[in-house]
Protein chains: 2
Amino acid sequence: MNKYNILENRFPGRRAALKREILEQALYCFNELGVEATTIDAIKARCDTSVGAIYHHFGNKEGILSALFFAALDDQRQHLEQELAGANSLREAVFCIIGSYLDWVVANPEWARFLYQARSPVAKGPFQEELKDRNIQNYRKLKDQLLGFSKGDVKIVQPFEILFSLIIGPSENYCRAWLSGRVKGSPQEYRGEFAESAWRSLQW
Amino acid sequence: MNKYNILENRFPGRRAALKREILEQALYCFNELGVEATTIDAIKARCDTSVGAIYHHFGNKEGILSALFFAALDDQRQHLEQELAGANSLREAVFCIIGSYLDWVVANPEWARFLYQARSPVAKGPFQEELKDRNIQNYRKLKDQLLGFSKGDVKIVQPFEILFSLIIGPSENYCRAWLSGRVKGSPQEYRGEFAESAWRSLQW
DNA sequence: TCTTTTGCAGAATATTATTCTGTTTTGTTT
DNA sequence: AAACAAAACAGAATAATATTCTGCAAAAGA
């Protein structure tokens, strides 16, 4: 796999070429101007297409937003699962989760930026149920996977509810700051620090 | 101070009554429908006022959003500084920061919810410079305050850039989850866990 | 080749944000 | 208190934007 492409991966083939183009330009606009300030006309202009085509493919603005959002979410998720498959202890799992997250954000900064800013709109929009379902599914799956390990010799903070936040919270917060330019060091530089810190934080 | 009110505090007096009312109803609409889906008409209807009045006070939709956003941000900030004033060590400071954050979110859930979802729009909009400035100011101030302590006997993770993320990341992540209903336990319940965990996480 | 489906274009329409003009209320000065 | 100025407010008019609709073209299947 030379250089994987999230859009090519999700909407493959020649016939979906314009669809991908629209999404790519929409992603650019959303990130550059913000979700609300992005107009259909602006997207149309960057694709050299028609409103008809856009509405044919996505129904409405919310449809474009959601298509992008779920494409990014699924890709990030897939990346996590690949990494996590190799973990053999809770400690390794924590390192995988954090490493995978940081890697993905650094590899796909534009998608990551979009993911952060699009979550709220999508959570309110017509696809809110789909988002909720996925959250629940993912939560359960990851929970089971982590609980499978925790019979080790270390004592872990209770309850389980707060575990995810302890693991991913710092990395997430830092990535946001990095993407917005508030901090300069690449998240990957601090891979080790975030992983070790998280591991320390959740031991009694 | 019996029951402080963010709006009353920021826009005091009889003449600002409608202004406060508009903001209150706008807050409700933004949280209920989402920022983009909230129309001026919807806000107007809930206030029983006119578009003229709304535009007189805020200029445009972005103006309403920003007024709400900075009101919330400043209140949260003020709360933090009050708490932090009593800290006498780095450990105490960390506990103050986290405690203050959790308290504020639980005391003002609607405002907190809004703060999360409005950050991106404001960061893109016409007040982006003002937001950047405040971020820089606050960052410096807090940095100096923390560095004033760190000559203690404990070794702290480097560099400073990642420190804030380690401290506030987990709490922030959990509060978001709580406000969106993904987890049930009140953030205040886990006050101790978040503070202790954060403290462990940033020690060598 | 014929037929059906899908992709696309652009004018027409509907919705929403914003402006503008006039009126009323409030505060200030004399 | 009267006169003036400034701020608050109302609502019609306008502008910007999202969405629909109708028709045509390309592609796929029979």
Side-chain angles (χ1 to χ4, degrees), chain A residues 7-8 10-69 118 120-122 124-127, chain B residues 7-8 10-69 118 120-122 124-127:
Chain A
L7 287 176
E8 186 71 47
R10 196 174 181 88
F11 305 101
R14 182 176 56 82
R15 296 197 71 179
L18 178 58
K19 194 165 190 169
R20 290 195 301 272
E21 176 67 7
I22 293 170
L23 287 173
E24 190 171 334
Q25 301 308 324
L27 176 64
Y28 176 88
C29 290
F30 285 141
N31 277 342
E32 199 68 14
L33 314 168
V35 172
E36 188 162 15
T38 294
T39 67
I40 301 293
D41 239 48
I43 298 173
K44 170 175 91 89
R46 286 185 65 90
C47 301
D48 193 39
T49 180
S50 66
V51 288
I54 296 179
Y55 277 86
H56 169 70
H57 283 293
F58 301 103
N60 53 28
K61 194 174 159 183
E62 184 69 38
I64 308 175
L65 196 78
S66 302
L68 281 171
F69 183 80
S120 287
V122 174
K124 296 285 164 59
F127 296 89
Chain B
L7 287 175
E8 186 71 48
R10 196 176 182 88
F11 305 101
R14 181 175 56 82
R15 295 198 70 175
L18 179 59
K19 195 165 191 171
R20 290 195 301 272
E21 176 68 6
I22 293 171
L23 287 173
E24 190 172 332
Q25 301 308 324
L27 176 64
Y28 175 89
C29 289
F30 286 141
N31 276 342
E32 199 67 15
L33 313 168
V35 171
E36 188 163 15
T38 294
T39 67
I40 301 292
D41 240 47
I43 298 173
K44 171 174 91 88
R46 286 184 65 90
C47 301
D48 193 38
T49 180
S50 65
V51 287
I54 295 178
Y55 278 86
H56 170 69
H57 283 293
F58 302 104
N60 53 28
K61 195 174 161 183
E62 184 70 37
I64 308 175
L65 196 79
S66 302
L68 280 172
F69 183 80
S120 288
V122 173
K124 296 284 163 61
F127 296 89

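From a predicted model like this one, the values you see are computed outputs, not experimental measurements. Reminder, nothing fancy here: chain letters follow the sequence lines and each chain counts from 1.
Between A:Asp41 and A:Gly52, the one whose closest nucleotide on DNA chain D sits nearer the 5' end is A:Asp41. DNA chain C is contacted by both B:Arg15 and B:Lys61; B:Lys61 maps to the nucleotide lying nearer its 5′ end (nearest heavy atom per residue). Residue-to-nucleotide proximity on DNA chain C shows that, of A:Val51 and A:Glu36, the 5′-proximal contact is made by A:Val51.
B:Phe58 has its side chain within reach of B:Leu23: a pair of non-hydrogen atoms, C-beta onward, lies under 4.5 Å apart. Side-chain contact between B:Ile40 and B:Ile64 is present, with heavy atoms from C-beta onward closer than 4.5 Å. The closest side-chain heavy-atom distance from A:Glu36 to B:Pro121 is not below 4.5 Å.
In this structure, CD1 of A:Ile54 is placed 21 Å from P of C:dT6, rounded to the nearest angstrom. The CZ-C1' distance, from A:Arg14 to C:dT6, rounds to 12 Å in whole Å. Rounded to an integer number of Å, the gap from NZ of A:Lys44 to C1' of D:dT19 is 14 Å. Spacing between atom OH of A:Tyr55 and atom P of D:dA18 amounts to 6 Å, rounded to whole angstrom units. Computed from coordinates, the B:Glu21 CD to D:dA8 P distance equals 16 Å when rounded to whole Å. Distance A:Asn60 CG to D:dT19 P: 5 Å, rounded to the nearest Å. Rounding to whole angstrom units, NZ of residue A:Lys19 and P of D:dA26 are separated by 21 Å. The interatomic distance linking B:Ile40 (CD1) with D:dA10 (C1') rounds to 16 Å, in whole Å.
For A:His56, taking side-chain heavy atoms from C-beta onward, the closest of the listed nucleotides C:dC8, C:dA9, C:dT18 is C:dC8. The side chain of A:Leu18 lies closest to C:dC8, out of C:dC8, D:dA10, C:dT26. Of the candidates D:dT19, C:dC8, D:dA18, D:dA18 carries the atom nearest the A:Thr39 side chain, counting heavy atoms from C-beta on.
Closest approach of B:Arg46 to B:Cys29, counting heavy atoms only: CD-SG, 3.6 Å.
Relative to the ring axis of A:Phe30, B:Lys124 does not place its NZ or CZ within 45° and under 6.0 Å from the centre.
Taking 4.0 angstrom as the limit, A:Thr49 places a side-chain polar atom (N or O) nearer than this to OP1 or OP2 of C:dA9.
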